[in-house]
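Taking it in order: structure first as structure tokens, then the write-up.
Every chain is numbered from 1, with letters handed out A, B, ... down the list of sequences. All figures in this text were calculated on a predicted structure; none of them were measured in a lab.
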Amino acid sequence: MTKKISEKTLKKSFWNWFLWHGCSQQAESMLGMAFAQSMAPVIDELYDNKEEKAEALKRHITLFNTEPQVGSICNGVVCGLEEANANKACTPELISSVKVALIGPTSAIGDSLWVATFIPILLTICLSISQASPVTSWLGPVLYMIVYPLGTGILSWNLFKLGYKSGIEGMQGFMSTGKLNTLTDTMTVLGLIVVGALTASFVTASVPFRIVRDVFDATQGIILENQVIFEADIMLDSIFPKILPLFLTLGVYYLYSKRKWSPLKLMGLILIIAGVFTFVGYVTGFYV
Amino acid sequence: MTKKISEKTLKKSFWNWFLWHGCSQQAESMLGMAFAQSMAPVIDELYDNKEEKAEALKRHITLFNTEPQVGSICNGVVCGLEEANANKACTPELISSVKVALIGPTSAIGDSLWVATFIPILLTICLSISQASPVTSWLGPVLYMIVYPLGTGILSWNLFKLGYKSGIEGMQGFMSTGKLNTLTDTMTVLGLIVVGALTASFVTASVPFRIVRDVFDATQGIILENQVIFEADIMLDSIFPKILPLFLTLGVYYLYSKRKWSPLKLMGLILIIAGVFTFVGYVTGFYV
Amino acid sequence: MTKKISEKTLKKSFWNWFLWHGCSQQAESMLGMAFAQSMAPVIDELYDNKEEKAEALKRHITLFNTEPQVGSICNGVVCGLEEANANKACTPELISSVKVALIGPTSAIGDSLWVATFIPILLTICLSISQASPVTSWLGPVLYMIVYPLGTGILSWNLFKLGYKSGIEGMQGFMSTGKLNTLTDTMTVLGLIVVGALTASFVTASVPFRIVRDVFDATQGIILENQVIFEADIMLDSIFPKILPLFLTLGVYYLYSKRKWSPLKLMGLILIIAGVFTFVGYVTGFYV
Amino acid sequence: METYQIILIALFVYLGSIGSIIGNTMGWYTLGRPLVASLVVGVILGDVQTAMIVGIPLQIMYMGNVTPGGAVAWDLSYATYIGVAGAIVFGIGLDTAQTIGLAVVFAGIGGLVGQIMWNVSYAANLPLNRVANKYAEVGETKKMFIPNVVMGQSIGFACRFIPAIIVLTSMTAASAQSDFAAIIPGWVTTALGVFGGMMASLGMGIILSFLLKKNYHIVIFLAGFVLVTYFSLSTMAVAVVAIITAILYYVAVSNIDKKGVA
Amino acid sequence: METYQIILIALFVYLGSIGSIIGNTMGWYTLGRPLVASLVVGVILGDVQTAMIVGIPLQIMYMGNVTPGGAVAWDLSYATYIGVAGAIVFGIGLDTAQTIGLAVVFAGIGGLVGQIMWNVSYAANLPLNRVANKYAEVGETKKMFIPNVVMGQSIGFACRFIPAIIVLTSMTAASAQSDFAAIIPGWVTTALGVFGGMMASLGMGIILSFLLKKNYHIVIFLAGFVLVTYFSLSTMAVAVVAIITAILYYVAVSNIDKKGVA
Amino acid sequence: METYQIILIALFVYLGSIGSIIGNTMGWYTLGRPLVASLVVGVILGDVQTAMIVGIPLQIMYMGNVTPGGAVAWDLSYATYIGVAGAIVFGIGLDTAQTIGLAVVFAGIGGLVGQIMWNVSYAANLPLNRVANKYAEVGETKKMFIPNVVMGQSIGFACRFIPAIIVLTSMTAASAQSDFAAIIPGWVTTALGVFGGMMASLGMGIILSFLLKKNYHIVIFLAGFVLVTYFSLSTMAVAVVAIITAILYYVAVSNIDKKGVA
Ligand SMILES: OC[C@H]1O[C@H](O)[C@@H](O)[C@@H](O)[C@@H]1O
Ligand SMILES: OC[C@H]1O[C@H](O)[C@@H](O)[C@@H](O)[C@@H]1O
Ligand SMILES: OC[C@H]1O[C@H](O)[C@@H](O)[C@@H](O)[C@@H]1O
């Protein structure tokens, strides 16, 4: 008899993930335990003896990571694969490799499109509502508190179901025709453009360097006091607007990606740069 | 002896079309009778006996439609094909199928590029001339009355001749190498971009919903009267500018294309929406 | 024993070019003599007897042209090819054909990207520094005098070395896989976009034609004096902004490229047009 | 309005209507445009300046008028001739804004009447196919103009000229009632303005039904849309950008096809 | 602050922190956002208006906060709850700009504490893997919630709630010292503002490390960048443009692949 | 001007001219730019401030100067040195606008003389090919500098230095006539301004003749054009956009070619 995950179990699996994906996050297995907990009810339903359950659990407490809200599609896909496996239409190896393959794209897409794009846009709208009038400033956060969790929840659940339905055939069809590659490439294009825009919009950095002097105006024959005769930021921006945030971001990328610096170390570096810049700013009269 | 349409007959055919393409428009054959009248002199010259003429006429009073000004290229093409047919180098079936194939692209391109783009641009220029000074406001329409008919007439006649010259070889060469497909695709790209711009430029719709209240300004300790604390339009536009005209247009498209609503019915719907919106606008104080 | 150009000789060849590329420019061989002088030390080192040297010199005093700063890559490439030739790994014919092939792309790219784009950008920055305050207006030119020659020199030398290193293998690898074509096409795309922008930015031309009249304002019942009721430039720009510079440039292109007019003749034509336009401008009250 | 003025305007209503005997190029697309129509009415009624003052906003309001596939959503010709005439006849002594308001209202009435008459003529033309067929059966090339021009235009003329006469005569009669402008409530003008702006979606929607052949085509449409909204381009600018894009698209596809074949 | 207020705020600091028991959607991404957090603090301390006045600039300053791959550079939840509470407690009698300055400083302190505590919990969670493993070995599906939820959240709660209590209590104690605001030098506020703006680069840089797979990818990133700088588009506008581009890219690549195969 | 000043300026006219002995990088493209030239003249004549005041507008006016394929439409070096010197010598007591007008006129005269002299030297250099050929025939590598540098630059020096001396001396002589500025009619300045703006088309047109290889290339050129006119980008911005486009184009074409081959 073909095994099938019941609707109730799917919901249980989803909620386990949606609420508790971040509870035990750490550097070893990242969201591994949370993923295993999400799979627990599914495993329970699909497999009959302890050995099978143990094996399934063990493969899901290993390292896993994703942006959890958009990444619920992974849980859905794995539900589908486990179902197929229980029906001997899939192998544990395939399950593991698909899972690992999904880490990259779902993390990147989720972080860049949902967390870094959708949230700021929604916040901007709510902010402008709050700014309209001090009396009704509570309207903005209230709206956000309703729209964001509700919208995200619905999205997350639908992605979960989508993943489950496309399941094994979906994945195989995709992989054989090279469509997965095309889709991943497309998502990368999307993500890169958006992250470029985010960098330009949200990273701020300026060289607080300014030369101020009294100058003699020959045409009028008078001395003009405290004229700004050089402003580093304006010059840099006239070469390439926001060049500093760009290089800062690329620098961080380089140190993180190529030099394997930890985020903590990077944070320290940024703190130092910020300190130095502030200092220079006070010395040159940029800040007063 | 090879048959050839005389220059005079071509001109006659063109004028029959240019002046009288719209005279008997109706839902059964659309511009069918007009097309037959345009072909009448050509048929007269190419075929010798009544039977042939009758056959040719009959195939041209059937359904035909196009944007008539740009679409005169169809008449030209059919002239060429009839000539070829009279010389046994083409078949009546090919003529009919080419004619039908041309309906779609020439209608769409003509409507979107000529009627919906060129006319408004020309009108805008003439409008600004009229607006320059009340004394010379007549200059705008006079300019339009000269430039538009003349320019369109010249274009139309040249497209007619172009169609005639490329004729059968042109069409066949095009069709065999897949060039026609590429050209149609290209024209579709062109048309779609332009129609997108037109929708954004010319369709207007706003939600006339506004919340007005007296608010207490805590920082100044005074009551500000009749403050607009919510304006639906501004909020919608901050999400996606002109989102309403966009959805209105896509809605009309959907009802027309997928639900087969008639334009009359759609017009009624729009009238109702406009009424409701106006009503809401008065109730919420958007209109006064 | 394999022959190799010494570092010292390469430097000598570069300096000969960098300083004296323009010394004997004329219509017959353009920069031919300068190129030969640049190759002279290389030839001296690579070949042993007078005959070989004579042959090599003769092939390099023939016509050659390029934008000399970016075009130093050609000298580098030819150094590499001569070295290969001295080692029997290349033929004189190949050297000559590669040299000729490089004239077009390096001229066009150098002129459009370096001379016409980089220089104006750098000048714009320096200009804005000079404009900041009359006392420090000398800062702009001084900055330019340092940054431009230094930057260009470094670029030029590195392109020279790059050309030398890729040398024969580079050129052959490139040519066989069609990569050179792709690169040339890419550079053409780059150049064309930039030249388009330059034309719009730096070519200025306006039709100084204006109709000025007293008009009667019916709404106010008064006569408004000297109203501009028609301004050719504004109308043209509302059709297509900067249409005149566009057509002027395309006209010059046409006359130079298709009608083989000389630059001097074109200059005369432009002088006449400028004269006529100025005249019309004074007559219609555009200039006063 | 004098009788000869009524007859002249009604004649132009006919000539400027879709499918009139002078062809759409000179008729519908020239005489039928509000900008031109207002000049014509102004000349006939002897007040070009007022005519242009109301004609310009009407032209702006109806800029997006397209009639794909015989879908005449709004009879522009009727709308403007009646609208401008109404504004001149009833507008004496009103200020500019009020006069324009009047024009919008009368244009609304006119456009509606015109739209109905278009549908009447569209139906009335159907039997002509029988006539054309009879001639075609016997190869009477010389007689094809009878169903198309003679009959078609008799119907067309009747459907435009006569109702226009009626409407214009009623207006003349009503204009005795000098406080007419005061009767029209403000919301009518507002509603008609809103309606006019929304009507442009009809033409666009129908053109889209020809152009949207594949699902992803919607994003090309959107591209044109955002060029206006996000990049603030004019229609003309988008047309230029679209032509550039289309040519590059054509060259690219042709090249790829060539390579695929080789 | 009263004791119950301190407890309530500390509770929200925990709920709004990354990985709390109500899930990041409702916690970190909703309760943790400065805009929402300031409302909550305002309600608890009974001064919504002041809370929002400082919450809005904090939200703008921390807009670009992303935490890819567990890299929590800055604890937003901690930062805002402490920042807003500090501004209300110490800000009595100050003008708006000074109050906001105070909020930035306290948010700086709070964010730092939060960032440290995140790293503590991140380390403290490591042994849980052993527990999970034990249950997994014997197929105890029903007990997977013990290491993940029960143990994970005990640690999480301890790491957020307790330090928050300490910080808030100290603040309450210190607020006796009424000229506190005067003690904070201007450069601290400035430096923290500069730091906040630069910190957004951390999130971006780390996301980039996932996305930049080939060298030329950098120019796609740059394309998004210049759409903002040169074309003045908003993030939303770029997102729309990016989606359009991506769909066209997908269609184009799919078509070319099809042709290449055939 | 004193004799030593005249000699110095004439020397710089030569050094800043196209193909001088210090190379175009340091000469034509550095000393020859109006911005630099005006500083040099200012230093020599001891009035840097006035020199810069007229140098800046001259630089803006001649920004688009390119000389593809030896087509020196306008001798920038001559133009500015003479123009700035003229403005300083004759401009005493004039206001800023008048001084700049003077500079434009003298730059016009200077540029024309320079343009003529360029053509003279371009012709005079022709026989050098014979000399070079003779040395080449016998493989005299060491002597290639004779025709190129020694002879070429004797001609170049003669063609620039001597006429510059003459022009500058005449100017000095004429400056006795103190109302010189009044003699120059306004239309001369206007016409020269118009001419200067149009001259940039010469450089562009000639570069285009190298770049426009296929018919459709014109639309790529147009794309750059409309990025400036419709999208209001600066030259720098277009350069960045063009580089992004070019790299993506290169990657796309390379990929398609690879697929076509496989
Ligand atoms: O859509 C093509 C064409 O269809 C019909 O013939 C008429 O409505 C024309 O106005 C229109 O241009
Ligand atoms: O980067 C993907 C993902 O990694 C971790 O799980 C957390 O930092 C999440 O916030 C993040 O979204
Ligand atoms: O066009 C390439 C090149 O041609 C000639 O050598 C000179 O006019 C140079 O200034 C120019 O850069």
**Prompt:** Okay, side chain of Arg33(E), backbone of Pro141(A): is any donor-acceptor separation there less than 3.5 Å?
**Reply:** no
**Request:** Side chain from CB out, backbone as N, CA, C, O: work out which of these in Val43(E) comes under 4.5 Å of a heavy atom of chain A, or both, or neither.
**Result:** neither
**Prompt:** Closest heavy-atom contact between Ile21(E) and Trp20(A)?
**Reply:** O-NE1, 3.2 Å
**Complete:** When the 4.5 angstrom heavy-atom criterion is applied to Lys213(E) and chain A, the contacting part is side chain
**Contact summary for Val120(E) and Cys159(E), nearest pair of heavy atoms** = CG1-SG, 3.9 Å
**Fill in**
Applying a strict 4.5 Å limit to non-hydrogen atoms, the region of Ile116(E) in contact with chain A is neither
**Message:** Which atoms of Leu19(A) are under 4.5 Å from chain E, going by heavy atoms: the side chain, the backbone, both sets, or neither?
**Reply:** both
**Request:** Name the member of Asn65(A), Ile103(A), Leu123(A) that forms the most heavy-atom pairs with chain E at distances under 4.5 Å.
**Result:** Leu123(A)
**Asked** Non-hydrogen atoms of chain A under 4.5 Å away: do they reach the side chain of Ile56(E), the backbone, both or neither?
**Response** both
**Request:** State yes or no: are the ring centers of Tyr256(A) and Trp261(A) separated by less than 6.0 Å?
**Result:** no
**Asked** Is chain A contacted by the side chain of Leu128(E), its backbone, both, or neither, given a heavy-atom distance below 4.5 Å?
**Response** both
**Message:** Which one wins on heavy-atom pair count under 4.5 Å against chain A: Leu35(E), Val238(E), Thr229(E), Val194(E)?
**Reply:** Leu35(E)
**Message:** Below 30° counts as parallel, above 60° as perpendicular, anything between as tilted: where do the rings of Tyr148(A) and Trp114(A) land?
**Reply:** tilted
**Prompt:** Which one, Phe277(A), Tyr254(A), Tyr253(A), leads in non-hydrogen pairs under 4.5 Å with chain E?
**Reply:** Tyr253(A)
**Message:** Checking Lys50(A) against Glu55(A) for the salt bridge (Lys or Arg N to Asp or Glu O under 4.0 Å) test, could you report, in this order, the C-alpha distance in whole Å, the side-chain angles of both residues, the deciding distance, and whether it holds?
**Reply:** CA-CA 8 Å; Lys50(A) 282 274 163 197; Glu55(A) 212 202 312; over 6 Å; no
**Prompt:** For Gln37(A), is it the side chain, the backbone, both or neither that has a heavy atom under 4.5 Å from a heavy atom of chain E?
**Reply:** both
**Message:** Among Val253(E), Val48(E), Val138(E), which residue has the highest count of heavy-atom pairs closer than 4.5 Å to chain A?
**Reply:** Val138(E)
**Heavy-atom pairs under 4.5 Å with chain E, option from Met187(A), Glu51(A), Met145(A), Lys258(A) with the top count** = Met145(A)
**Item:** Contact origin within Leu212(E) toward chain A - heavy atom pairs under 4.5 Å
**Value:** both
**Request:** Would you indicate whether Asn49(A), at its atom CG, is surrounded by more than 12 heavy atoms from other residues, nucleotides or ligands within a distance under 6.0 Å?
**Result:** yes
**Asked** Where the side chain of Trp17(A) meets the backbone of Pro68(A), is there a donor-acceptor pair that is under 3.5 Å apart?
**Response** yes
**Item:** Residue, of Ala191(E), Pro147(E), Ser254(E), Ser20(E), that accumulates the most heavy atom pairs under 4.5 Å with chain A
**Value:** Ala191(E)
**Asked** Considering only heavy atoms, which portion of Asp44(A) lies under 4.5 Å from any heavy atom of chain E: side chain, backbone, both, or neither?
**Response** both
**Request:** Determine the option with the most heavy-atom pairs under 4.5 angstrom with chain E, choosing from Ala274(A), Ala54(A), Ala200(A), Cys23(A).
**Result:** Cys23(A)
**Prompt:** Tell me, side chain or backbone of Asn119(E) under 4.5 Å from chain A's heavy atoms, or both, or neither?
**Reply:** side chain
**Fill in**
Answer key: most heavy-atom pairs under 4.5 Å with chain A among Gly42(E), Ala51(E), Ala242(E) is Ala242(E)
**Message:** Using modelled atom types and a 3.5 Å cut-off, is there a donor and acceptor pairing between side-chain atoms of Asp237(A) and backbone atoms of Lys242(A)?
**Reply:** yes
**Request:** Indicate the atoms forming the closest heavy-atom contact of Val42(A) with Ser38(A), along with that distance.
**Result:** CG2-O, 4.4 Å
**Request:** Please state whether the side chain, the backbone, both or neither of Met30(A) comes within less than 4.5 Å of a heavy atom of chain E.
**Result:** side chain
**Message:** Between Thr50(E) and Asp47(E) (side chain of the first, backbone of the second, donor and acceptor by atom type, cut-off under 3.5 Å), is there such a pair?
**Reply:** no
**Asked** With a 4.5 angstrom heavy-atom cut-off, which part of Thr66(A) approaches chain E: side chain, backbone, both or neither?
**Response** neither
**Request:** Go through the atoms of Thr204(A) and report whether side chain, backbone, both or neither lie under 4.5 Å from a heavy atom of chain E.
**Result:** both
**Message:** Using modelled atom types and a 3.5 Å cut-off, is there a donor and acceptor pairing between side-chain atoms of Thr249(A) and backbone atoms of Ser201(E)?
**Reply:** no
**Top of Lys53(A), Gln26(A), Gln25(A) for chain E proximity - count of heavy-atom pairs under 4.5 angstrom** = Gln26(A)
**Complete:** Per-residue tally against chain E (heavy atom, under 4.5 Å) across Leu266(A), Leu250(A), Leu246(A) peaks at Leu246(A)
**Request:** Select, from Thr235(E), Val149(E), Val131(E), the one with the greatest count of heavy-atom pairs under 4.5 Å involving chain A.
**Result:** Val149(E)
**Asked** Has Phe247(A) got more than 12 heavy atoms of other residues, nucleotides or ligands less than 6.0 Å from its CZ?
**Response** no
**Polar contact flag, side-chain donor to acceptor under 3.5 angstrom, Glu45(A)-Thr9(A)** = yes
**Request:** For residues Ser24(A) and Asn148(E), report the shortest heavy-atom separation together with the two atoms involved.
**Result:** OG-OD1, 2.6 Å
**Request:** Would you please name every residue forming a side chain to side chain donor-acceptor pair (under 3.5 Å) with Arg160(E), sequence neighbours left out?
**Result:** Asp75(E)
**Item:** Atom of Pro208(A), atom of Tyr287(A) and distance for their closest heavy-atom approach
**Value:** CB-CE1, 3.9 Å
**Request:** Counting only heavy atoms closer than 4.5 Å, note whether Phe18(A) contacts chain E via side chain, backbone, both or neither.
**Result:** both
**For chain A, the option from Gly139(E), Pro34(E), Ala124(E) that forms the most heavy-atom pairs under 4.5 Å** = Gly139(E)
**Request:** For the pair Thr62(A) (side chain) and Arg59(A) (backbone), establish whether a donor and an acceptor sit closer than 3.5 Å, ignoring hydrogens and angles.
**Result:** yes
**Minimum-distance pair of heavy atoms, taken over all atoms of Thr25(E) and Thr30(E)** = O-OG1, 2.7 Å
**Prompt:** At a heavy-atom separation under 4.5 Å, does Met236(E) approach chain A through its side chain, its backbone, both, or neither?
**Reply:** both
**Request:** Could you tell me whether the side chain of His60(A) and the main chain of Leu57(A) form a donor-acceptor pair under 3.5 Å?
**Result:** no
**Asked** Which bit of Glu67(A) is near chain E, if near means a heavy-atom gap under 4.5 Å: side chain, backbone, both or neither?
**Response** side chain
**Fill in**
Among residues 188-196 of chain A, residues within the sub-4.5 Å heavy-atom range of chain E, in order of number, are Thr188(A), Val189(A), Leu190(A), Gly191(A), Leu192(A), Ile193(A), Val194(A), Val195(A), Gly196(A)
**Prompt:** With only heavy atoms counted, which part of Asp185(A) is less than 4.5 Å from chain E, the side chain, the backbone, both or neither?
**Reply:** both
